[in-house]
Chemist: 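Have a look at this one.
Note that the numbering runs from 1 along the sequence shown for the chain.
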Amino acid sequence: QVQLVESGGGSVQAGGSLRLSCAASGRTIIGYIGWFRQAPGKERELVGVISWSGGSAYSVDSVKDRFTISRDNAKNTVYLQMNSLKPEDTAIYYCAAAKSYGVSRRDFDYWGQGTQVTVSS
């Protein structure tokens with residue numbers, strides 16, 4: 001089992017920044033952590049994925065120039081640094097854990113409860 005807890009969400013004006021944290025605990029070995037987001041009335045979509053051990057990260061095109069995923073293994077925590085935020089970034093952001101690399105929701109076995117990010121214009 002893996003427990004994931006997100007934090008760091010909030011309200012910010014367009015152009016601002018937020019850093020989300022995903023703290024992991026449990027006995028199951030984690031291979032990858034993914035960040036997803038779900039806006040009202042929309043499907044949950046991938047934001048990016050990071051390797052738990054090697055640190056290699058992937059972000060989708062819509063955010064890769066603004067968002068950065070990193071991890072601190074000593075703290076068992078993965079971060080999503082979000083800069084130049086836009087109103088369309090408003091969503092609930094979730095982190096999820098998987099044993100193998102994947103980019104779809106079904107590839108991830110464990111999910112956090114989500115944290116709300118609201119960007120006003």
Chemist: Out of curiosity, Met82 CE to Ser17 OG, how far, rounded to the nearest 0.5 Å?
Modeler: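 Rounded to the nearest 0.5 Å, the CE-OG separation comes out at 8.5 Å.
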
Chemist: One pair to check against side-chain contact (heavy atoms from CB on, under 4.5 Å): Glu6 and Trp35. What are the steps and the verdict?
Modeler: CA-CA 10 Å; Glu6 302 98 335; Trp35 281 101; 4.1 Å; yes

Chemist: Other residues, nucleotides and ligands only: do more than 12 of their heavy atoms fall within 6.0 Å of CD on Glu45?
Modeler: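 More than 12 heavy atoms, drawn from other residues, nucleotides or ligands, come within 6.0 Å of this atom.
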
Chemist: Please walk me through it: do Thr118 and Val12 pass side-chain contact (heavy atoms from CB on, under 4.5 Å)?
Modeler: CA-CA 6 Å; Thr118 302; Val12 64; over 6 Å; no

Chemist: Is the positively charged end of Arg44 above the ring of Tyr94, judged by distance under 6.0 angstrom from the centroid and angle within 45° of the axis?
Modeler: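 Yes - Arg44 lies over the ring of Tyr94, closer than 6.0 Å to its centre and within 45° of its axis.
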
Chemist: Test side-chain contact (heavy atoms from CB on, under 4.5 Å) on Leu18 and Tyr93 and set out the steps.
Modeler: CA-CA 12 Å; Leu18 283 173; Tyr93 284 72; over 6 Å; no

Chemist: Kindly assign one of parallel, tilted or perpendicular to the pair Phe36 and Trp111, based on the angle between their ring planes and the thresholds 30° and 60°.
Modeler: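 Rings of Phe36 and Trp111: tilted, as their planes differ by 30° to 60°.
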
Chemist: Strictly distance-based, threshold 3.5 Å: is any side-chain N or O of Asp107 a donor or acceptor partner for the main-chain N or O of Tyr101?
Modeler: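 Here the side-chain-to-backbone pair does not exist.
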
Chemist: Going by an N to O cut-off under 4.0 Å, is there a salt bridge joining Lys64 and Asp61?
Modeler: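 A salt bridge links Lys64 with Asp61.
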
Chemist: Hydrophobic clustering (ILVMFWY, side-chain heavy atoms < 4.5 Å, transitive) - are Val5 and Ile69 grouped together?
Modeler: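 Result: no, two separate clusters.
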
Chemist: Nearest 0.5 Å, please: how far is CZ in Phe108 from CD1 in Ile30?
Modeler: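 Nearest 0.5 Å value for the CD1-CZ distance: 11.0 Å.
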
Chemist: Please confirm whether Arg19 makes a cation-pi placement over Tyr79, using NZ or CZ under 6.0 Å from the six-membered ring centre and within 45° of the ring normal.
Modeler: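 Pair Arg19/Tyr79 counts as cation-pi.
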
Chemist: Given Ile50 and Tyr58, is the side-chain contact (heavy atoms from CB on, under 4.5 Å) satisfied, shown in steps?
Modeler: CA-CA 6 Å; Ile50 188 166; Tyr58 161 79; over 6 Å; no

Chemist: When rounded to the nearest 0.5 angstrom, what is the spacing between CD in Gln3 and CD in Gln113?
Modeler: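 Here the interatomic distance stands at 12.0 Å.
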
Chemist: Taking C-beta and beyond as the side chain, do Asn83 and Phe67 meet within less than 4.5 Å on heavy atoms?
Modeler: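 Not touching, per the 4.5 Å side-chain cut-off.
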
Chemist: Working to the nearest 0.5 Å, report the span between CD of Gln38 and CD1 of Ile92.
Modeler: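 These two atoms lie 7.0 Å from each other.
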
